[in-house]
2 protein chains.
Amino acid sequence: MGKYTCGLDAAIAVMGGKWKGLILFALQDGPVRFGELRRAVPGISERMLILQLREMEASGLVHCEVYHQVPPKVEYSLTGFGHSLNTAMAPLGEWGEEHMERIEALP
Amino acid sequence: MGKYTCGLDAAIAVMGGKWKGLILFALQDGPVRFGELRRAVPGISERMLILQLREMEASGLVHCEVYHQVPPKVEYSLTGFGHSLNTAMAPLGEWGEEHMERIEALP
DNA sequence: CTGTATCCGAAATGATACTG
DNA sequence: CAGTATCATTTCGGATACAG
């Protein structure tokens, strides 16, 4: 007895909420440091970014590499699994671009 | 000054939450009655289904056709806009199918 | 720089009962 | 059949302060 009724259901559960897709997108070109990532996802709070990253690590989408330096440096990157999800979401991003005007006009 | 930072951001805003994608999917093959739709989206409550449908109507994704009969009959269907979004989400559904086992195993 | 901890208000969702 | 109304609860998310 699966938790999910179909592939779409499962996919939505994994990339839930309003942030994970954008984080995936921001990481698609290689490792990004925490502060950089924060700027790359406008509007997200420090707290939410950490929470989402931790969930994405737990899901196996994201890898976290810690450099024990002073000052600290931490880089986040996509796993193969994360890349595959990001690829699957690309058409959604294109759809959003194409219909941006219409979407902006919504209430 | 747009509300959205990129196409993906806009798309996520439109199909937000955990239900809209599944409703889109359930409507992809033609008009569906309310009760039918409810059964097609397992786990959704009557209340949430209505709320989501109203939002999707407001976004122009869904059309609602009311037949003034006794007993009442109401059919929901996708607009062209809704179909285009459903198409853009198809790869996500396939991704979910492919990785279902792994996703099911997550905490 | 990269986090953690706490608090609090807002929003999402579920349960239940009721209506035309 | 297709909704509405109301209430309770759960989750989300922002602000702030603090720590290694």
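Protein chains get the first letters and strands the later ones, always in sequence-line order, with residue 1 at the start of each. Model, not experiment: these values are computed from the prediction.
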Find the distance [X]:[atom1] to [N]:[atom2] and express it as a whole number of Å.
X	N	atom1	atom2	answer
A:Leu49	D:dA15	CG	C1'	16 Å
A:Gln52	D:dG14	CD	P	10 Å
A:Lys18	C:dA11	NZ	C1'	11 Å
B:Leu22	C:dT13	CG	C1'	15 Å
B:Gln69	D:dA2	CD	C1'	12 Å
B:Met48	D:dA5	CE	P	16 Å
B:Leu51	D:dT4	CG	C1'	10 Å
B:Tyr67	D:dG3	OH	P	13 Å

Is there a donor-acceptor pair under 3.5 Å between the side chain of [X] and the backbone N or O of [Y]?
X	Y	answer
B:Thr79	B:Gly60	yes
B:Ser77	B:Gly30	no
A:Glu75	A:Arg33	no

Legend entry - Exercise: do B:Glu65 and B:His63 side chains pair donor with acceptor under 3.5 Å: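 Indeed, the side chains of B:Glu65 and B:His63 share at least one donor-acceptor pair under 3.5 Å.
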Inset, instruction - Side-chain contact test, heavy atoms from C-beta onward, threshold under 4.5 Å: evaluate it for B:Leu53 versus B:Ile23 and give yes or no. - result: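 Yes, side chains in contact.
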Inset, instruction - Measure the angle between the two terminal helix axes of the helix from C:dC1-D:dG20 to C:dG20-D:dC1, five base pairs each, and quote it to 10°. - result: 50°
Inset, instruction - Would you give the length of the straight line joining atom OG1 of A:Thr5 to atom CZ of B:Phe25, rounded to the nearest 0.5 angstrom? - result: 8.5 Å
Inset, instruction - Take the angle between the ring planes of B:His99 and A:Phe81 and call it parallel below 30°, perpendicular above 60°, tilted in between. - result: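 Because their plane-to-plane angle is over 60°, the rings of B:His99 and A:Phe81 count as perpendicular.
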Inset, instruction - Work out which heavy atom in A:Met15 is nearest to a heavy atom in B:Leu92; give both atom names and the distance. - result: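 That would be SD-CD2, 3.8 Å.
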Inset, instruction - For D:dG14, take OP1 and OP2 only and decide whether either is under 4.0 Å from a side-chain N or O of A:Ser45. - result: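 Yes, such a contact exists.
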Inset, instruction - Verify the cluster assignment for B:Val66 and B:Leu61: are they in a single hydrophobic cluster under the rule of side-chain heavy atoms below 4.5 Å apart? - result: yes
Legend entry - Contact pattern, 5' to 3', of nucleotides 2-8 of chain C - B, S or - by protein heavy atom under 4.0 Å: SBB-B--
